[in-house]
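Numbers here are sequence positions counted from 1.
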Amino acid sequence: IIMIIITNENLVFADGNISNNGGINFKRITIEDGLSQTTVEYIYQDSDGYMWFGTDNGLNKYDGTNFEVYKYKGEDENSISGDIIVSIIEDSNGYLWIGTTTGLNKLNRKTGKIKRYLADGSNGSISDGNICEMFVDSKDRMWVATNQGLNLYDNKNDKFVKVASEYLENKGLQDITEDHEGNIWVSTR
């Protein structure tokens, strides 16, 4: 069992080993260890076992020893669209999707290439750059919640379809899940 605790100043994990006094052994991970920033917004473990930490200053990939940090680099299209990482998910093709407060990004973990999806108002673009949450359902569909509404990713055409609903638009979506009957649940503020 591994437990991860996020505080305002540290990322702390416990490896599940019980010490002689009956307590759990914790290890602190800080900027000195390579973490880009101590405010961790999101934690995700990919299918290869790497830990990904979304911070307020970039995306951090952790292999158990070292960090690789992905940051916004202006017009460099192979950088993430923003440094405040709010959501991370992996799709069935092994792509890592990174939601920021300024756009959505797809990272090809094999090549290191990043594709940005911005809310530019064009047909098929995401409804808003402020990503709140992402979810892959049992039918392998990816849902993306933003401050301006819900989007469904069209993998075949590499575009987004906005899910039209007066209940979801401009509501600041928070979370998405699926129940055992295949119904998609979305929470708002």
Side-chain angles (χ1 to χ4, degrees), residues 40-48 50 52-61 70-189:
V40 176
E41 300 285 351
Y42 207 88
I43 299 173
Y44 185 80
Q45 184 176 25
D46 70 22
S47 59
D48 292 330
Y50 292 105
W52 296 84
F53 302 105
T55 72
D56 281 355
N57 191 21
L59 176 68
N60 297 253
K61 176 184 177 183
Y70 298 79
K71 288 190 166 196
Y72 172 68
K73 296 176 186 166
E75 298 303 316
D76 179 356
E77 291 193 18
N78 199 48
S79 71
I80 57 177
S81 60
D83 282 334
I84 301 176
I85 312 300
V86 295
S87 186
I88 306 166
I89 196 166
E90 184 178 0
D91 68 18
S92 62
N93 296 314
Y95 291 106
L96 198 69
W97 292 83
I98 302 106
T100 73
T101 56
T102 54
L104 182 63
N105 308 269
K106 180 168 71 171
L107 170 63
N108 182 328
R109 295 181 301 128
K110 293 177 184 170
T111 66
K113 297 287 184 192
I114 295 172
K115 181 170 182 181
R116 294 179 183 176
Y117 295 86
L118 305 175
D120 61 12
S122 65
N123 186 25
S125 73
I126 196 137
S127 62
D128 182 39
N130 194 350
I131 309 302
C132 300
E133 184 63 83
M134 296 176 289
F135 179 75
V136 177
D137 69 16
S138 62
K139 295 178 182 174
D140 202 30
R141 299 177 300 184
M142 188 172 72
W143 301 83
V144 181
T146 72
N147 270 344
Q148 301 299 316
L150 185 63
N151 301 262
L152 184 58
Y153 180 63
D154 176 358
N155 189 35
K156 182 177 173 184
N157 296 306
D158 194 31
K159 297 189 180 289
F160 288 88
V161 176
K162 186 172 181 181
V163 178
S165 170
E166 66 181 280
Y167 301 110
L168 299 177
E169 293 181 22
N170 302 315
K171 302 292 184 191
L173 306 183
Q174 294 289 288
D175 203 4
I176 309 169
T177 195
E178 180 179 13
D179 66 23
H180 67 281
E181 295 177 0
N183 296 310
I184 302 297
W185 291 79
V186 180
S187 66
T188 68
R189 285 192 200 122

Quiz item: Mind checking what makes salt bridge (charged side-chain N to carboxylate O under 4.0 Å, His left out) contact with K115, not counting sequence neighbours?
Solution: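 For K115 the salt bridge (charged side-chain N to carboxylate O under 4.0 Å, His left out) partners, ignoring immediate neighbours, are D158.
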Are the side chains of [X] and [Y] in touch, meaning some heavy atoms are under 4.5 Å apart?
X    : Y    : value
K61  : L96  : no
E41  : S87  : no
W143 : V163 : yes
R109 : E90  : yes
I80  : I85  : yes
N155 : D140 : no
N147 : C132 : yes
T100 : I84  : no

Self-check item: Atom CD of Q174: over 12 foreign heavy atoms under 6.0 Å
Solution: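 Above 12, so yes.
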Determine the minimum heavy-atom distance between [X] and [Y], stating which atoms define it.
X    : Y    : value
G129 : A119 : N-CB, 3.4 Å
V86  : Y42  : O-CD1, 3.1 Å
N60  : G58  : ND2-O, 3.4 Å
K159 : N123 : NZ-O, 4.0 Å
G103 : I131 : O-CG1, 3.6 Å

Under 3.5 Å donor-acceptor, [X] side chain and [Y] backbone:
X    : Y    : answer
N130 : T146 : no
D48  : Y50  : no
N105 : S81  : yes

What's the spacing between [X] [atom1] and [Y] [atom2] if we round to 0.5 Å?
X    : Y    : atom1 : atom2 : result
T102 : L118 : OG1   : CG    : 7.5 Å
S92  : M142 : OG    : CE    : 10.5 Å
N93  : K110 : CG    : NZ    : 9.0 Å
M134 : I89  : CE    : CD1   : 6.0 Å
K71  : D76  : NZ    : CG    : 14.0 Å
L173 : R189 : CG    : CZ    : 8.5 Å

Self-check item: side-chain contact (heavy atoms from CB on, under 4.5 Å) between Y95 and N108, intermediate numbers included
Solution: CA-CA 5 Å; Y95 291 106; N108 182 328; 3.7 Å; yes
Practice problem: Would you please test N57 and T55 for side chain to side chain donor-acceptor pair (under 3.5 Å) and show each step? | Solution: CA-CA 5 Å; N57 191 21; T55 72; 6.0 Å; no
Self-check item: Centroid-centroid distance, F135 to W185, less than 6.0 Å
Solution: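 No, too far apart.
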Quiz item: So which of D154, L152, I126, L150 actually passes side chain to side chain contact (heavy atoms under 4.5 Å, CB included) with F160?
Solution: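 Going through the options one by one, the only one that passes is I126.
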Self-check item: Any residue meeting ring pair (Phe, Tyr, Trp, His ring centres under 6.0 Å) with Y44, in chain and number order, not counting sequence neighbours
Solution: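 Per chain and number, Y44 pairs via ring pair (Phe, Tyr, Trp, His ring centres under 6.0 Å) with no residue.
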Self-check item: Those residues that, when tested against Y70, pass ring pair (Phe, Tyr, Trp, His ring centres under 6.0 Å) (two or more places apart)
Solution: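 Testing Y70 for ring pair (Phe, Tyr, Trp, His ring centres under 6.0 Å), a comparison that skips the adjacent residues, returns W52.
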Quiz item: Hey, mind stepping through N151 and S127 against side chain to side chain donor-acceptor pair (under 3.5 Å) and telling me if it holds?
Solution: CA-CA 7 Å; N151 301 262; S127 62; 2.9 Å; yes
